[in-house]
Amino acid sequence: MKTNLRPIVEANSTREDNLLYVVSEGQPLPPQFTALVTMDRVVGDSTYTAERSIVRIAGGCKKFSPELKQGFMPAFLNAFNTTDGIGYRGTVFSGGTANLDQDGLIDDSMVTNVPARLANIYPCVAISTTPKTADLGMARDTGGLIVDAYGGRMDFRQTASVIYQKDPANALGWDGDLDLYLTFMEGLKMVGFNTAVIALNGGAVTRNEIYQSLLRGIAVIAVEGSLRETDAFISAFRDGDWSFTGLEEREKLAGQGKCTASVDEMIAARKADLERIDRSLIKIVPVNDAGALNEALLSIGFLQSV
Amino acid sequence: MKFAEFGDFPSLFIQSGEDKSQLFGINMARQARHFVLRTTGGCLLEPEYIKGLKMLEYALSGRDRAGRQRPGREKFSGFGLFGGTRVLQLQDPSRIIYGITEVLPSIRRYCPEAVMLGVLAKVGHMRYSPYGLIVSESEEDSLFAVINPDQSSCVILQPSSDQRASWDDEWKECVRIVDALSEMGWQALLVVYNGGPVTEREARTWARLSRDNPDFWRVLIVKGSGRVADQLACDQSFIDEHPGVYLCENDLDQMRASLTKLGALV
């Protein structure tokens with residue numbers, strides 16, 4: 001019988017579940033959550049010092065061909081190996097959501113599942129922050145936590161997760177946790193951590209994640225060929241071609257017969273952002289190329305074997 | 001010139017009301033041993049206790065009685081939590097009044113593997129002066145306190161922009177910070193030197209917490225350092241009831257031995 005995977009490092013010796021914290025707007029991330037980034041990684045009889053690095057996996061895989069969809073997870077898993085074979089010892093996080101198949105198993109079809117998969121084979125810590133975009137619910141058959149209006153679940157194979165809400169009664173937008181997690185990463189950067197966002201595919205939220213990360217001095221590894229706003233960013237950054245930025249929003253507005261001036265304003269603002277950004281923070285890697293992603297991570301100080 | 005070359009100035013965060021600074025909290029992710037040392041006690045000491053406080057400073061920084069650091073001698077590494085202030089004299093602000101809040105800043109250069117974090121209660125309306133940001137004033141004592149410039153980072157606590165905090169807010173926030181680490185495999189130690197009613201409330205709180213978790217909530221009282229430290233050290237029922245409370249004499253060797261035994265010095 002197949003069961004869901006588990007992380008090889010638990011938050012502490014007394015718990016074997018995916019810790020969950022609910023944080024309301026204005027509250028900080030709890031210290032029990034943030035302290036996981038420096039916690040020793042204990043795996044059986046071995047103890048590994050945490051690598052002082054944190055990486056956020058941002059974006060999605062909408063419009064991926066079946067080949068791309070099949071290849072992205074193995075590519076990530078291989079990219080995060082280290083020369084000593086032990087694997088990544090830092091912290092990896094994402095938006096933390098998951099889809100379940102009919103047997104109640106997480107189907108690993110989303111980039112938000114990458115942290116849990118990495119934590120299953122390497123001594124890293126998998127965490128997530130998820131904005132509460134609709135009333136929370138519990139699945140009547142399994143009791144699993146539902147976090148959006150489409151029945152989306154939390155990936156419960158992580159070390160710890162945070163649900164971020166406006167307050168108990170109100171929801172946030174899909175980018176509601178952006179400031180929360182970027183401030184967290186920025187703070188870690190201030191105390192000497194290597195920080196990065198790996199962006200692939202994605203829409204307006206991912207575009208915001210890319211630019212906001214760069215404005216805070218956080219490196220971005222943009223995956224080329226992953227389509228949508230990440231490819232649009234690469235075209236704008238590398239080639240000066242802004243025609244793909246906001247294309248989905250423009251097409252939607254035009255299709256509704258509405259004015260697209262807001263998209264033009266957004267592009268103007270992103271152009272201004274790009275003028276201020278340190279271009280050396282941006283790395284571009286081909287989609288599903290584990291070697292290139294591995295090299296990009298190494299070049300910004302990740303994957304240090306101790 | 002890059003700002004990093006300009007100087008090693010502490011970061012400063014302000015917490016108003018229930019607001020908690022995420023960025024100040026992330027200081028606990030700095031590269032230092034997972035040991036929290038909280039120092040508490042008197043800021044205005046009688047002359048006979050100043051020498052002992054200096055010995056505490058020497059013990060923490062692996063120095064001998066002449067103030068010389070000996071290679072290989074144990075010294076503090078980890079996170080130091082203290083009141084974050086520097087007390088200056090009104091008539092002569094160039095004169096630093098040596099008290100408990102000078103100990104951790106003074107050992108910074110001897111303890112490169114330590115991170116000193118200040119938690120300050122805004123007990124007066126803040127003023128900016130040529131001597132630093134003033135957080136409290138006492139005309140009666142002709143003293144004022146500024147933010148100690150020699151620390152890694154600090155947080156100022158205020159109920160709101162216009163309201164003053166109380167002296168107790170400082171230690172309560174420190175207890176909150178330390179409590180969050182109690183399940184994360186960290187070690188903690190409160191050192192009590194001299195002190196008044198506020199110090200007593202803090203010491204008793206840590207002691208009470210030690211009843212449930214004596215391996216984490218530990219208190220080292222320096223006997224012979226005066227005032228509250230001596231009152232508690234001489235209260236045998238207090239000592240007997242709290243397994244996490246330890247005593248040492250106000251002597252360099254004794255302090256060093258106790259601090260080493262309790263894991264503060266490595």
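Chain naming here is simple, since letters A, B, ... match the order of the sequence lines and numbering starts at 1 in each. The figures that follow rest on heavy atoms only: side chains count, while hydrogens, waters and symmetry mates do not.
Interface summary for chain B: among A:G187, A:G192, A:P31, A:A50, the most heavy-atom pairs under 4.5 angstrom belong to A:G187. If you tally non-hydrogen atom pairs under 4.5 Å between each of B:K20, B:E18, B:M28 and chain A, the highest count goes to B:K20.
Within the 4.5 Å cutoff, side-chain heavy atoms of B:I147 are placed close to those of B:C154.
Neither the backbone nor the side chain of B:D179 comes within contact range of chain A; no heavy atoms are under 4.5 Å apart. Both the backbone and the side chain of A:F184 have a heavy atom closer than 4.5 Å to some heavy atom of chain B. In this structure, the portion of B:E183 lying under 4.5 Å from any heavy atom of chain A is its backbone and not its side chain. Of the atoms belonging to A:T183, heavy atoms from both backbone and side chain fall under 4.5 Å from chain B.
With respect to the salt-bridge test (charged N to carboxylate O, under 4.0 angstrom), the residues B:R176 and B:D169 do not qualify.
Side-chain atoms of B:S11 and B:S153 include a donor-acceptor pair closer than 3.5 Å.
A tilted orientation is assigned to the rings of B:H34 and B:F79, their planes being inclined by 30° to 60°. Aromatic ring pairs are classed by plane angle as parallel below 30°, tilted from 30° to 60° and perpendicular above 60°; the pair A:F93 and A:Y181 is perpendicular.
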